[in-house]
Amino acid sequence: MSEPNTLTAVRLAKRAELAAAGLRPYGAAFPVSGDVGEVRASFAEGRKVAAAGRVTARRDMGKSHFLDISDHSGRLQVYLQDKALGEEGVRIYELLDIGDFVGVEGECFTTKTGEPSIKAEKFVLLSKSLHPLPEKWHGLQDVEARHRQRYLDLISNEHARAVFAKRFAIIREIRSFFEERGFLEVETPMMQAVAGGAAATPFETHHNALGMDLFLRIAPELYLKRLLVGGFTKVFELNRNFRNEGVSRRHNPEFTMLEAYWAYADFEMMAQLVEDLVCRVAERVCGGLKIEHTDAEGRVTRVINLSRPWRRARYRDLVEEAEPGWFARDVSGRRNRAVELGLDISHCLEDYEVTQHVFEKLVEEKTIDPCFVTHCPKELIPLAKTNPEDPAVLDVFELVMNGQEIAPGYSELNDPVVQRERLVEQSGGEQHKIDEEFLQALEYGMPPAGGMGMGIDRLIMLLTGADSIREVILFPHLKPKAE
RNA sequence: GGGUUGGUAGCUCAAUGGUAGAGCAGCGCCCUUUUAAGGCGUUGGUUGUGGGUUCGAGUCCCACCCGACCCA
């Protein structure tokens, strides 16, 4: 903590004075009738209740006082009269600050302005706060402070509370969706000897006792597939992945990923599953399939329509639709056209990568309503089956909506010989990047299966209208602030 | 990593290169149904950090720290 300013000094003095008077400034257990919101919801004239919360406003009227106490669930008014408080209670009240936690017991009553309130008969201090809270009307505005001191954001900004309440409701719904469909939630290693299952730079760490380097996982995929080998038929994992890459509006070094694998299914069944999942979550948590994003003034800036059935279209057709004649050009023609389109095309890019740039810019960024992009070129993904009719493309989808990739799904590659070839190709000769133990598992036989992954933070951005991933992660990555 | 932009009281914000201010919060009084309560009075600043230009810098210049937005 920095040098106490005068406001903190005043509060420290009050703390000392309370302690000296035997009025414990940090309280004890205080049984309550419920959270503040629950007490308010169960309000009944004359009922005796006990409630506790943080003081977020006080209004003095001579010898009577009003306090607002708050927690995550809402706000409730407390009415105090010096006469009813007694000497000790009055002393506590005199030394009270906005931000302190208090406990009250008393009767429910409605003031003449119609505000449900508790008329306090007992009033105790539960925790003394040593710092002033953000301004009561504007809340905490400073973006950096909102992320660095998220607790202050949660105390003072209703919108932040609502976004995170929604986040955790969404995650709960996802779990119950999979459980109802017979999927088992499992846990696989976060620390892996080979960081497989995706193309990304991992974080490195070191195991001292074993003298070995380990990587934080970039995906759980290769372990979940081992479970299919082991006889599980429907599994999912909903937890953190780590990627040692840039931080941006859409990227946090650690992020929440859902992956699910379904034996004997394929990518089309997975697409249906994903559509069912997202629609159910939207209906239960967002109240419908039309998701409106608004700006700070409440104007609607974007509407995402999740109405079914969702569009399904082939990768090649979407590129051709966005840029007619694209595939009629030759390799250098495509490269030149991409430069004309204002794309940053470096000389070392392969032809399929040039097309991928066009896809990202002209298709992905402009796709707001959900679209399953299917049959992507096989160079992009090493872990999926090729299409039986066209070996240049894969039996996969990439779900795009809100201008972002949200969820890939595959008919999972289960031929160990082909899988080895594809991984060797992808590794660019770096043998240590190949998970030999995964390949060995595949050699024992993995059933044909459908698999899917979903970036949960991006899904939550979509469903809450957040324009930055930092708005949906409680404690986003920030550089430490120098003293 | 590059470009643009920001950092002023605990918080929200002002301040042509010319005495750093307001509201909230705090402190002191008044007020027994208020709710952004109200009334009177009042404290609080190394203007992110370090240099420079200038008679004079919150303001202009340079470097650095921490953000935001855009690009890679």
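Here is the naming used below: chain letters follow the sequence lines, and residue numbers restart at 1 for every chain. Computed from a prediction, not measured in an experiment: that's the story for all the values here.
Atom P of B:G2 sits at a distance of 15 Å from the matching atom of B:C62, rounded to the whole Å. On the P atoms, B:G10 is 16 Å away from B:C27, given to the nearest whole Å. Rounded to the nearest Å, the gap between the P atom of B:G52 and that of B:G23 is 38 Å. The P atoms of B:A22 and B:A9 are separated by 14 Å, rounded to the nearest whole Å. To the nearest whole angstrom, the two C1' atoms, one in B:G51 and one in B:G26, are 37 Å apart. For the C1' atoms, the distance from B:G44 to B:C55 is 31 Å, rounded to whole Å. A distance of about 10 Å separates the C1' atoms of B:U43 and B:G28, rounded to the whole Å. Only the C1' atoms considered, B:G45 is 15 Å distant from B:C11, to the nearest whole Å.
Within the 4.0 angstrom heavy-atom criterion, only backbone atoms of the sugar-phosphate kind lie near A:Leu140; the bases stay farther away. Backbone-only contact: A:Gly139 has heavy atoms under 4.0 Å from sugar-phosphate atoms and none from a base. Nucleic acid contact class of A:Leu478 (heavy atoms, under 4.0 Å, all strands): sugar-phosphate only.
One N or O on the side chain of A:Arg217 and one on the backbone of A:Arg240 form a donor-acceptor pair closer than 3.5 Å.
Comparing B:G67, B:G26, B:G44 by their closest approach to the side chain of A:Arg148 singles out B:G67. Candidate nucleotides B:G10, B:U34, B:U12 were compared by shortest atom distance to the side chain of A:Leu7, and B:G10 ranks first. Relative to the side chain of A:Gln141, the nucleotides B:U35, B:C13, B:A25 differ in distance, and B:C13 lies closest. The A:Ser468 side chain lies nearest to B:C69 when the options are B:U35, B:G26, B:C69. Nearest nucleotide to the A:Lys63 side chain, out of B:U32, B:U12, B:C66: B:U32. Minimum atom distance to the side chain of A:Val10 is reached by B:G26, of the listed B:U12, B:G67, B:G26. Nearest nucleotide to the side chain of A:Thr111, out of B:A68, B:U32, B:U35: B:U35. The listed nucleotides are B:U33, B:C31, B:A36; the one nearest the side chain of A:Trp137 is B:A36.
When both distances must be under 3.5 Å, the Watson-Crick or G-U wobble mate of B:C55 is B:G18. Across all strands shown, the partner of B:G6 is B:C66, judged by Watson-Crick or G-U wobble contacts whose two distances both fall under 3.5 Å. Nucleotide B:U47 forms a pair with no other nucleotide shown, judged by Watson-Crick or G-U wobble geometry with both contacts under 3.5 Å. For B:C40, the paired base is B:G28 (Watson-Crick or G-U wobble, both distances below 3.5 Å).
The residue among A:Glu94 and A:Gly342 whose nearest nucleotide of RNA chain B is located toward the 5' end is A:Glu94. Mapping A:Lys112 and A:Leu96 onto RNA chain B via the closest heavy atom, the residue that lands nearer the 5' end is A:Leu96.
We find that CG of A:Asp344 is positioned 18 Å from P of B:C70, with the value rounded to whole Å. In this structure, the CG atom of A:Leu76 is 17 Å from the P atom of B:U34, given to the nearest Å. B:U12 atom P lies 6 Å from atom CG of A:Asp142, rounded to whole Å. In this structure, A:Lys128 atom NZ and B:G26 atom C1' are separated by 12 Å, rounded to whole Å. A:Arg146 places its CZ atom 17 Å from the C1' atom of B:C66, with the value rounded to the nearest Å. Following rounding to the nearest Å, A:Arg58 (CZ) and B:A36 (P) show an atom-to-atom distance of 17 Å.
The shortest distance between the side-chain N/O atoms of A:Arg59 and the OP1/OP2 oxygens of B:U35 is not below 4.0 Å. Between A:Lys14 and B:C27 there is a side-chain polar atom (N or O) within less than 4.0 angstrom of OP1 or OP2. OP1 or OP2 of B:A68 has at least one side-chain nitrogen or oxygen of A:Arg470 nearer than 4.0 Å. At least one side-chain nitrogen or oxygen of A:Lys479 sits closer than 4.0 Å to the OP1 or OP2 atom of B:C66. Regarding contacts with the backbone of B:C69, every side-chain N or O of A:Arg249 stays at 4.0 angstrom or more from both OP1 and OP2. Residue A:Lys136 places none of its side-chain N or O atoms closer than 4.0 Å to OP1 or OP2 of B:G26.
Heavy atoms of other residues, nucleotides or ligands lying less than 6.0 angstrom from CZ of A:Arg329 number more than 12. Atom CE of A:Met191 sits in a sparse spot, with 12 or fewer heavy atoms from other residues, nucleotides or ligands closer than 6.0 Å. The environment of A:Lys166 atom NZ is dense: over 12 non-hydrogen atoms of other residues, nucleotides or ligands sit within 6.0 angstrom.
The aromatic ring centres of A:Tyr79 and A:Phe66 sit less than 6.0 Å apart.
Residue side chain A:Gln77 reaches the base of B:U34 through a donor-acceptor N/O pair under 3.5 Å, judged by distance alone.
Judged by the 6.0 Å and 45° rule, A:Arg458 forms no cation-pi pair with A:Phe255.
Between the side chains of A:Gln141 and A:His138, no donor N or O sits under 3.5 Å from an acceptor N or O.
With respect to the salt-bridge test (charged N to carboxylate O, under 4.0 angstrom), the residues A:Glu88 and A:Lys122 do not qualify.
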